[in-house]
Amino acid sequence: MSNMKFEEFNISEEILKAINNLGYKKPSDVQAAAIPLALKGNDIIVKSQTGSGKTAVFAIPLCEGADIEETEPQALVLTPTRELALQVSQDITNIGRYKKIRAIAVFGKQPIEMQKKQLKQRVHVIVGTPGRTLDHIDRGNIKLDKVKYLILDEADEMLSMGFIEQVEEVIKSVPKDRVTMLFSATIPESIEAICAKYMVNPVKIEINPEKLTVDKIDQVCYEVEEDKKFSVLKKILYIENPDSCIVFCRTKENVDSITVQMKNRYYSCIKIHGGMLQNDRLDAMERFKKGEFRFLVATDVAARGIDVENITHIINYDLPLEIGNYVHRIGRTGRAGKKGKAITFSTHYENKFLKAIEQYIGMEIPKAEIPSKEESELCKDAFYEKHDTKPVIKKTKESNFSKDIMKLYISAGKKKKIRTVDIVGTICNIKDVDADDIGIINIQDNFSNVDIMNGKGKLVLEALKKSTIKGKTIRVEKANK
Ligand code: AMP
């Protein structure tokens, strides 16, 4: 952590208040180095790991720079995966919450029409995966004339996933007069080329590459025969007794099979892989994040960028196919200054591959003897005891805002011809409430959501229960999410 203070960035009170609510005390190293440059309008290339606080590096300047009255998008963020798009849009919403910044995520495998409707409302920031974003641009659903910030997040991953053409197409559609920020764990030549082509005098910022995550993680490796892996997994789990753990497999078939075997033993687990329906994937991630399950069994779709608090253990049941993914996987633990443990299974035949990983991370992963059955049996009771305790549901970042912001659900939306002005008008008619107390408004087909700020949620809720909007009777409740 740096010795700077967020106040030194000279950013607005609304953003400082949100940062404070999120519990950020001081800027992280990458934030201290990069935010002042981005606020000045410099293009920046940031080489840093996830977990270093890099989302706020772009979220803070673009929320600060956004003109809230502008109806067209002012910032476009590209991310490699759908989960990351959603997470980043939530992070931006949180940082911009008091400024009433609306950020939405667009990604594949979700009905395009639904996203189109969202894009028709006032949106300040769009976060999307390259393919779907380009699709919306081509269909004219996203207007880019007012975009003044372009962010390429996890650029190396976007390129290695084969998105280069779409990324370039999107970059070419964005006005040239903009700030471009690129974030990447590695800067291979292909990324240098993009920077040279599309950025203006970019400043390069590099914060402790690789070491940042690896240092805080206790790593260990077991040589395991393929058909003994599950029995070794059981032993390790009894002994380690993790609070929260991701088990990484190479294929979705393995994820399915390990999940079944774990469930058969009543382990509290949920799975995620690319073969699942989008909504199921998001739901699984959300529930794991909340702490409903102790174990997440996953392919590498979960390895990148995803931020789950307090993961104590990572188990590489299979070695990753791509060397770089080793770092991304183990980087899910040891986040935000906490310690973590990464346990890797490697078969005798994979020695060469393991060596390549060790070379990549610049250290030898300590090897250990597989524990004996007796040793693990001794720990079994404690494992199941922890298992039987009710999970502590982790607070979401949104809940930090609940003391002064209440989200309301209104049972009428576009189909009943409700518009933003109707909601604002009705709420402003309530005694002691004015426009400043109204936050983000989201009007869907059949319902609407509105944030009520400054601790006036209850007051507005009670008043709306007795009123109509546009002469229509409505049902108003505190929204569940
Ligand atoms: P990121 O690298 O953006 O995925 O951030 C990793 C985690 O660190 C997230 O949970 C952030 O909310 C958190 N975080 C970001 N900046 C700070 C900060 N200055 N102080 C404490 N936590 C932070």
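Atoms within a ligand are numbered from 1 in the order they appear, just like the ligands themselves.
- Within the structure, the salt bridge (charged side-chain N to carboxylate O under 4.0 Å, His left out) test picks out the following pairs touching residues 118-131 (sequence neighbours left out): Glu69-Arg122.
- Annotation for ligand 1: atoms under 4.0 Å from non-hydrogen atoms of Thr55 are 1 (P), 3 (O), 4 (O).
- Listed by first and then second residue, the salt bridge (charged side-chain N to carboxylate O under 4.0 Å, His left out) pairs involving residues 88-105 are Asp91-Lys397, Arg97-Asp451 (not counting sequence neighbours).
- The atoms of ligand 1 that sit less than 4.0 Å from any heavy atom of Ser28 are 19 (N).
- Taking 4.0 Å as the cut-off between side-chain N and carboxylate O, Glu350 and Arg250 count as a salt-bridged pair.
- Only the backbone of Lys26 comes within contact range of ligand 1, with a heavy atom under 4.0 Å; no side-chain atom does.
- For ligand 1, the atoms closer than 4.0 angstrom to any heavy atom of Lys54 are 1 (P), 2 (O), 3 (O).
- Between Gln87 and ligand 1, no pair of N/O atoms sits closer than 3.5 Å.
- The existence of a salt bridge linking Asp67 and Lys146 is excluded, since no basic side-chain nitrogen approaches an acidic carboxylate oxygen closer than 4.0 Å.
- Neither the backbone nor the side chain of Phe58 comes within contact range of ligand 1; no heavy atom lies under 4.0 Å.
- Two rings, from Phe383 and Tyr238, have their centers less than 6.0 Å apart.
- At a 3.5 angstrom cut-off on N or O pairs, Gly53 counts as close to ligand 1.
- Residue Met285 is tested with Ile272, Leu86, Asp280 for a side chain to side chain contact (heavy atoms under 4.5 Å, CB included); the sole match is Ile272.
- Residue Tyr24 places at least one N or O, backbone or side chain, under 3.5 Å from an N or O of ligand 1.
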